[in-house]
**Q** 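Mind looking over this structure? Questions follow.
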There are 2 protein chains.
Amino acid sequence: MTILGIDPGSSITGFGIISADRGRLAFVAAGALRVGRSGDLPARLRRAADGVRDLILEHAPDEVCVERVFQHANVHSALVLAHVRGAILAEVDRAGLACREYTALQIKKALVGQGHAAKEQVRSMVQRLLRIHSTGDSLDVSDALAVAICHAHAGPGLRRWEQG
Amino acid sequence: MTILGIDPGSSITGFGIISADRGRLAFVAAGALRVGRSGDLPARLRRAADGVRDLILEHAPDEVCVERVFQHANVHSALVLAHVRGAILAEVDRAGLACREYTALQIKKALVGQGHAAKEQVRSMVQRLLRIHSTGDSLDVSDALAVAICHAHAGPGLRRWEQG
């Protein structure tokens, strides 16, 4: 199974694609969609949505997951981020894929074992679990891989739970 | 010129289409995209985006405008609404159209002459200016027509200002 994890951001949206085969995880691809920090919001939203559409077309993920963010340093940032998430979630649905959401707490617990781990701890765990040396400078990329790994762990249980 | 006004909402998104010809306004169409109040957020976002895409295909508006909302009764509602706006704005940009935003204050001033008008006052002014008897029960529809009328008034000045 191929899993696409997305970490939406107002200027950079991280993505991470992994394969999960009976608990064995492997890195497929990862990177960042850079939609620009300033300028026209609709154009930035469309670039994020187009980027996700292209990733789905290229990698044909079986499942998609995203970090759920309902808290933020300030209201304006939270609202801009919600716009980006809205454009991306609509695009994932349009591709006929469900989009599972996980909180930062759930992701950290799944990877590091406790919910208050630092982002750097999450990153080093991502590298260890996927047997890669680096996820680049951007924490958006390791965050996106982290949500994909979290889903690889939680997904099977969630599916059993939903089916019965 | 044909103008599409949109009033995004978490369960109902109002739309209003008018023509504006040298200051003379005429009603073209209006209604509500009902995406459901509960259930899967990505599917609701996609339905809103698809609805806007279909309206653009059917009516080929020259310009699109939307109410800017950065305040709300509670944070959760504001964030859900921002998701809907994000899905819609991305779709408008994808159609190659700019999306002008107006605050509620600007819309009320343009229609009623003062920024603290009640929604019902805005509605009756919409009906008078467009020479229609009703905009239906939903205030979302009259709000969408109101932003279109506001843009019909403000748009030419804004274009001159941007061009020089």
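Quick note on labels: first sequence line is chain A, next is B, and so on, each numbered from 1. Just so we're clear, the structure is a prediction, and the values are computed from it rather than from any experiment.
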**Q** Starting from A:Leu129, can I reach A:Leu145 by hopping between I/L/V/M/F/W/Y residues whose side chains sit under 4.5 Å apart?
**A**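 A:Leu145 and A:Leu129: one cluster.
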
**Q** Please report the interatomic distance CG(B:Leu89) to CZ(A:Arg44), rounded to the nearest 0.5 Å.
**A** 11.5 Å

**Q** Determine the minimum heavy-atom distance between A:Ala82 and B:Leu79, stating which atoms define it.
**A**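 Heavy-atom minimum between the residues: CB-O, 3.7 Å.
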
**Q** Atom CZ of A:Arg46 and atom CZ of B:Arg94: how far apart are they, to the nearest 0.5 Å?
**A**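 Here the interatomic distance stands at 8.0 Å.
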
**Q** Find the one option among A:Ala48, A:Ala49, A:Cys99, A:Ala43 whose heavy-atom pairs under 4.5 Å with chain B are most numerous.
**A**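 Of the options given, most contacts go to A:Ala43.
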
**Q** Test of understanding: clusters of I, L, V, M, F, W, Y form through side-chain heavy atoms closer than 4.5 Å, transitively. Do B:Val35 and B:Phe15 belong to the same one?
**A**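 No.
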
**Q** Is A:Leu81 reachable from A:Leu105 through a run of hydrophobic residues whose side-chain heavy atoms are each under 4.5 Å from the next?
**A** no

**Q** Given heavy-atom pairs under 4.5 angstrom as the criterion, report whether the side chain, backbone, both or neither of B:Asp50 touches chain A.
**A** both

**Q** Looking at B:Ala87 and A:Ala90, what are the two nearest heavy atoms and their distance?
**A** CB-CB, 3.8 Å

**Q** Give the cluster check for B:Leu55 versus B:Val28: same hydrophobic cluster or not, with ILVMFWY residues linked at side-chain heavy-atom distances below 4.5 Å.
**A**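 In one cluster with B:Leu55: B:Val28, yes.
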
**Q** Same hydrophobic cluster for B:Ile56 and B:Leu33, using side-chain heavy-atom links shorter than 4.5 Å among ILVMFWY?
**A** yes

**Q** Atom CG in B:Leu41, atom CG in A:Asp93: separation rounded to 0.5 Å?
**A** 9.5 Å

**Q** Is it true that atom CZ of A:Arg37 has more than 12 heavy atoms of other residues, nucleotides or ligands lying nearer than 6.0 Å?
**A**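 Open: at most 12 neighbouring heavy atoms sit under 6.0 Å from CZ of A:Arg37.
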
